[in-house]
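The residues of the chain are indexed from 1 along the displayed sequence. Ligands are counted one by one from 1 in listed order, and the atoms in each one are counted from 1 as well. Values below: all heavy atoms of this structure, side chains included; hydrogens, waters and symmetry mates excluded.
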Amino acid sequence: MAGHLTHWGVFEADSDGERLTSVRPWRGDPEPMALIDNVASAQHHRTRIDQPYVRRGWLEQGPGPARRGDEPFVPVSWETAVGLLSGELGRVYREHGAESVYGGSYGWASAGRFHHAQSQVHRFLNCLGGYVRHVNSYSLGASSVLLPHVIADMSVLDGHATAKSVLVENTELMVAFGGLSPKNSAVSQGGVSRHNTRTWIGAARARGCRFVSISPLRDDIPAEAQAEWLAPRPGSDAALMVALAQVLDAEGLADNDFLDRYTVGYARFAGYLRGERDGVVKGPEWAAPITGLAAGTIRALARDMAAARTMVTVSWSLQRAEHGEQPLWLGVVLAAMLGQIGLPGGGFGHGYGSTAHVGEAACAYSVPRFPQGRNGVDTFIPVARISDMLLSPGADYDYDGRTLTYPDIRLVYWCGGNPFHHHQDLARLRAAFARPETVVVHDAFWTATARHADIVLPATMSIERDDYGAGQNDRVFFPMPALTRPHGQARDDFAIFAELAETLGVGKEFTEGRTAQEWLRQLYREWQTHRGDEVPDFEVFWDSEQLELPIPDPDQVLFARFRSDPERFPLATPSGRIEIFSETIEGFGYPDCPGHPVWMEPEEWLGGRAAAQFPLQLIANQPRTKLHSQLDIGAHSRSAKIGGREPVRLHPDDAGARGIGDGDIVRIFNDRGSCLAGVVVDDGVRVGVAQLSTGAWYDPDPADPSFCRHGNPNVLTSDRGTSRLSQGCTGQLALVEIERFAGTVPELAVDRPPAIS
Ligand code: PGD
């Protein structure tokens with residue numbers, strides 16, 4: 001028996017050497033997750049990649065642009081695969097240089113620090129001269145760029161957020177824009193040991209904290225919160241926040257001392273609230289028709305916020321939409337107007353409920369990592385601009401005050417991610433994936449991305465290799481000895497890269513002469529030496545269940561030092577203070593992100609013209625029964641499907657108006673694409689909203705790749721950036737229409753391997 005860490009929790013398992021025979025939650029976890037059931041049921045599923053494969057057309061005609069995703073694959077030996085791939089890498093680096101290789105390779109991969117797929121692929125490509133990389137993430141595209149201009153970067157907001165223990169003791173009112181989702185807060189990149197969402201929210205509530213959840217979905221906050229539910233039109237949170245700010249300003253409830261001492265630019269923003277330029281006062285009466293909330297409700301909430309110790313928190317999902325910078329920036333501004341930033345239980349939070357680690361106090365040390373080396377290429381893209389890059393080499397675009405140029409990519413190398421899950425407008429992504437000369441994918445499963453590759457190499461799952469790991473701000477460091485042998489001929493990414501590197505003449509640079517086990521020991525020992533306190537030797541750690549990490553400040557309060565002395569501990573913004581108006585952003589001259597936050601109509605929302613044709617707002621949020629697209633074929637994920645399709649939730653009024661009932665298979669469509677889904681009628685969804693989570697493996701109809709038979713919402717979402725400032729992912733919202741599916745429901749193809757010739 002041994003424990004095993006995943007992004008969604010720790011489990012203990014018995015194994016017969018080949019498969020897990022029983023799986024139980026780790027005894028230390030007070031709120032274990034059913035997601036752990038996906039692992040054992042997926043391990044030997046027929047969609048596991050059992051050996052290396054090459055797309056037939058690539059094998060026969062060689063590298064070049066091609067319509068990827070339809071052709072059969074040819075099984076090849078490891079020797080052949082390594083020979084073909086090292087030859088192709090050598091050719092591309094020689095003929096086109098490192099700037100023609102996209103190795104951004106975004107994705108969550110698996111828990112485990114050493115076999116972290118992105119670290120592996122980046123180190124390997126760095127040994128060859130480098131690669132075009134990505135910056136930022138699909139999670140936090142707008143936040144990563146905006147917030148350093150305005151208040152602080154994500155490492156501060158994420159890693160040093162006021163601790164949940166402090167909220168439990170001090171917060172009187174928690175206003176959660178985007179809710180405090182129990183499913184999202186169960187997950188954290190790198191792993192979660194002790195889930196605690198229901199516990200801390202229940203304890204805060206029992207002490208008297210009032211929760212207001214502002215979201216189109218009632219279950220975006222746990223029942224323990226006994227929350228008041230406000231459901232403005234999706235995408236209109238910025239208008240609501242502007243109106244809340246206007247009430248604070250007009251009624252003398254803003255903390256002017258705080259604004260004077262700790263912020264810059266309030267006067268410019270106040271002029272906007274007061275309508276000094278356009279004659280429009282942006283108060284509750286102005287916001288009511290935009291948001292669909294009553295003016296009285298907005299006014300009362302603003303007054304309550306000023307009267308209590310209030311935490312304003314904005315979920316990550318809110319910024320994953322067109323103009324996603326605005327509600328985020330307004331969250332900071334509202335908290336600044338309340339004057340409680342830096343006080344226990346008050347102020348601003350970003351992502352309580354979006355991931356497990358926000359609100360966990362920082363550990364004294366992060367755990368060992370595999371060094372990635374130096375990238376010889378400077379060129380990068382904001383991560384969600386992948387299709388634009390592949391489709392438009394040489395084109396210019398704006399990003400954070402700079403004009404950048406897309407490189408001409410010949411080879412795409414993906415390891416540990418699934419862009420045909422995570423990217424928007426999948427038909428467009430498919431056209432983009434037809435452009436490179438070669439696409440290489442390592443994955444454990446025949447995901448849609450693997451099916452769009454030329455060379456597919458089978459990776460091990462984390463249960464099939466030795467590793468160790470801990471999540472960010474998670475206080476438990478776990479040894480993760482292999483629980484079973486690898487499936488089929490699967491190999492660790494490290495082993496694959498080690499052999500490729502050897503063939504390409506950079507073996508010594510990549511491995512430094514160490515095996516994976518030797519790296520684990522070496523990295524641990526280096527970490528042990530640098531820590532300076534008592535840490536067991538590697539052998540003791542490896543045989544133990546877990547190692548608890550020290551937490552220097554369990555009751556951390558975000559920006560407490562800044563509050564105590566802003567001259568001595570200034571923020572890292574240009575002014576050293578919170579920027580309610582940013583000269584820097586204003587100076588960029590972007591019409592879609594001006595110098596202070598505003599309400600701007602998105603193109604696709606229920607209040608706009610496009611809603612006449614597509615009258616439902618799709619919420620393409622994170623799934624409940626899996627993490628992203630991982631292990632979609634696992635038992636827990638499959639248990640929620642309807643007729644094998646991903647569930648879509650609709651309000652009874654919207655279902656009734658369309659003659660749709662519970663369990664019906666429907667077609668969801670707009671002018672970008674369509675997909676099938678199975679209906680769940682639920683009055684916990686706002687009227688006018690259809691909620692279809694991401695994660696169903698993309699299963700394109702061969703005749704029409706914009707039609708997904710399985711229910712991947714990214715055939716419907718738009719591939720536009722949040723704004724010219726941050727160019728983040730906008731996958732959260734899109735307009736759609738829904739009809740009952742009239743024809744014979746087609747069989748799925750993605751739940752079995754592709755054609756093998
Ligand atoms: P995953 O399904 O986690 O999705 O996108 P991401 O690409 O991270 O993909 C990880 C892949 O890595 C899986 O296929 C898994 O099998 C593989 N893998 C796991 N371990 C290993 C390993 O050790 N080696 C190798 N080679 N492979 C491995 C997630 C992304 O989706 C994110 S973070 C967000 S926040 C976005 N959210 C949305 C959204 O809200 N709405 C929409 N419409 N779209 C989104 N997309 C984004």
Side-chain angles (χ1 to χ4, degrees), residues 6-8 38-39 42 45 47-49 104-112 114-121 134 136-141 143 178 181 184 187 189 315-321 324 351 354-355 383-384 386 413-426 429 440-451 456-465 467 486 490-497 618-623 626-634 637 691-698 712-719 728-734:
T6 70
H7 298 306
W8 50 90
N38 283 334
V39 180
H45 190 265
T47 54
R48 252 335 267 277
I49 305 173
S105 186
Y106 180 82
W108 270 48
S110 296
F114 174 71
H115 290 290
H116 178 243
Q118 273 196 45
S119 305
Q120 294 285 343
V121 66
H134 75 253
N136 311 329
S137 65
Y138 278 80
S139 301
L140 290 163
S143 313
S181 167
N184 298 348
V187 167
Q189 190 153 36
S315 69
W316 291 0
S317 54
L318 250 63
Q319 51 86 63
R320 211 174 297 136
S354 300
T355 182
V383 67
I386 170 90
Y413 209 125
W414 222 290
C415 191
N418 187 3
F420 279 90
H421 147 64
H422 68 228
H423 194 59
Q424 286 57 65
D425 197 347
L426 292 181
L429 181 68
V440 189
V441 169
H442 298 192
D443 206 299
F445 294 91
W446 280 110
T447 63
T449 303
R451 291 164 203 257
V456 179
L457 301 180
T460 47
M461 290 173 74
S462 60
I463 53 173
E464 297 166 349
R465 59 201 182 209
D467 209 336
R491 291 186 183 174
D492 303 343
D493 296 301
F494 174 77
I496 300 172
F497 288 129
L618 178 78
I619 309 280
N621 60 352
Q622 303 296 323
K626 54 196 162 248
L627 165 68
H628 308 140
S629 69
Q630 295 200 25
L631 312 181
D632 187 29
I633 36 67
S637 178
Q691 180 254 312
L692 173 68
S693 297
T694 60
W697 286 0
Y698 170 54
N712 184 326
N714 276 325
V715 288
L716 300 158
T717 53
S718 155
D719 193 7
C729 158
T730 58
Q732 191 72 190
L733 301 176

Original post:
Could you state the interatomic distance from CD (Gln189) to OG (Ser139), rounded to the nearest 0.5 Å?
Top reply: 7.0 Å

**OP:** Please write down residue, atom name and distance for the protein heavy atom closest to atom 36 (C) of ligand 1.
**Re:** Tyr138 CB, 3.6 Å

Subject >> Worked verdict on Leu631 versus Trp8 for side chain to side chain contact (heavy atoms under 4.5 Å, CB included) >> reply: CA-CA 12 Å; Leu631 312 181; Trp8 50 90; 3.9 Å; yes

**OP:** Closest by any non-hydrogen atom to atom 41 (N) of ligand 1: pick that one out of Ser317, Pro713, Ala620.
**Re:** Ala620

Original post:
Can you tell which part of Met461 has a heavy atom less than 4.0 Å from ligand 1: side chain, backbone, both or neither?
Top reply: neither

Subject >> Shortest protein heavy-atom distance from atom 2 (O) of ligand 1, along with the residue and atom involved >> reply: Ser629 OG, 2.5 Å

Original post:
So which bit of Arg320 gets within less than 4.0 Å of ligand 1, heavy atoms only: side chain, backbone, both or neither?
Top reply: side chain

Original post:
Centroid-to-centroid, Trp697 to His421, below 6.0 Å?
Top reply: no

**OP:** May I ask you to check if ligand 1 and Gly107 share an N or O to N or O distance below 3.5 Å?
**Re:** no

Subject >> Worked check of side chain to side chain donor-acceptor pair (under 3.5 Å) between Asp719 and His423 >> reply: CA-CA 8 Å; Asp719 193 7; His423 194 59; 3.0 Å; yes

Original post:
Which heavy atom in Val715 sits nearest to a heavy atom in Tyr698, and how many Å separate them?
Top reply: CG1-CE1, 3.7 Å

Original post:
Can you check whether Trp414 and His442 have ring centres sitting under 6.0 Å from each other?
Top reply: no

Subject >> Identity and distance of the protein heavy atom lying nearest atom 21 (C) of ligand 1 >> reply: Ser110 OG, 3.7 Å

Subject >> Per-atom contacts, ligand 1 versus Gln630 - under 4.0 Å to a heavy atom >> reply: 1 (P), 2 (O), 3 (O), 10 (C)

Subject >> Donor-acceptor under 3.5 Å (Asp443 side chain, Val456 main chain) >> reply: no

Original post:
For atom 15 (C) of ligand 1, which of Asp443, Asn714, Val441 has the closest heavy atom?
Top reply: Asp443

Original post:
Looking only at heavy atoms, which two atoms of Ala111 and Ser462 are closest? And how far apart?
Top reply: O-CB, 4.0 Å

**OP:** Check Leu426, Thr694, Asn621 against Pro713 for a side chain to side chain contact (heavy atoms under 4.5 Å, CB included) and give me the one that passes.
**Re:** Thr694

Subject >> Main-chain N/O of Tyr138 paired to Tyr106 side chain as donor or acceptor, under 3.5 Å >> reply: yes

**OP:** Have a look at His422, His442, Glu464, Gln622 and point out the one with the heavy atom closest to atom 38 (C) of ligand 1.
**Re:** Gln622

Original post:
Looking only at heavy atoms, what is the nearest atom pair of Asp467 and Phe114, with distance?
Top reply: OD1-N, 3.0 Å

Original post:
Which one holds for Ala444 and ligand 1: side chain close, backbone close, both close, or neither close, with close meaning a heavy atom under 4.0 Å?
Top reply: neither

Subject >> Under 4.0 Å to a heavy atom of Cys415 - the qualifying atoms of ligand 1, by number >> reply: 26 (N)

Original post:
What protein heavy atom sits nearest atom 25 (C) of ligand 1, and how far away is it?
Top reply: Asp493 OD2, 3.5 Å

Original post:
Closest non-hydrogen protein atom to atom 18 (N) of ligand 1, residue and atom name please, with distance?
Top reply: Ala109 CA, 3.8 Å

**OP:** Looking only at protein heavy atoms, identify the closest one to atom 4 (O) of ligand 1 and say how far it is in Å.
**Re:** His421 CD2, 3.2 Å

**OP:** Just go through Thr694, Asp467, Leu618 and tell me whose heavy atom is the nearest to atom 42 (C) of ligand 1.
**Re:** Thr694

Original post:
Is it true that a side-chain atom of Gln630 and a backbone atom of Ala109 form a donor plus acceptor pair closer than 3.5 Å?
Top reply: yes

Original post:
atom 8 (O) of ligand 1: which protein heavy atom is closest, and how many Å away?
Top reply: Trp108 N, 2.7 Å

**OP:** State the atoms of ligand 1, each with its element, that fall below the 4.0 Å cut-off from a heavy-atom position in Thr447.
**Re:** 14 (O)

Original post:
Just heavy atoms, cut-off under 4.0 Å: does Arg465 contact ligand 1 by side chain, backbone, both, or neither?
Top reply: side chain

Original post:
Which ligand 1 atoms does Gln424 reach within 4.0 Å, using its non-hydrogen atoms?
Top reply: 42 (C), 43 (N), 44 (N), 45 (C)

Subject >> ligand 1 to Ser139 polar contact by distance, N or O atoms, under 3.5 Å >> reply: no

Subject >> Ile49 side, atom CD1; Thr447 side, atom OG1 - distance, nearest 0.5 Å >> reply: 6.5 Å

**OP:** Take every heavy atom of His116, measure it against each atom of ligand 1, and state whether any distance is under 4.0 Å.
**Re:** no

Original post:
Is there any N or O on Asn621 that sits under 3.5 Å from an N or O of ligand 1?
Top reply: no

**OP:** Run the numbers for me: atoms of ligand 1, each under 4.0 Å from some heavy atom of Gly731, listed by number.
**Re:** 41 (N), 42 (C), 43 (N)

Original post:
Among protein heavy atoms, which lies nearest atom 28 (C) of ligand 1, and at what distance?
Top reply: Gly416 CA, 3.8 Å

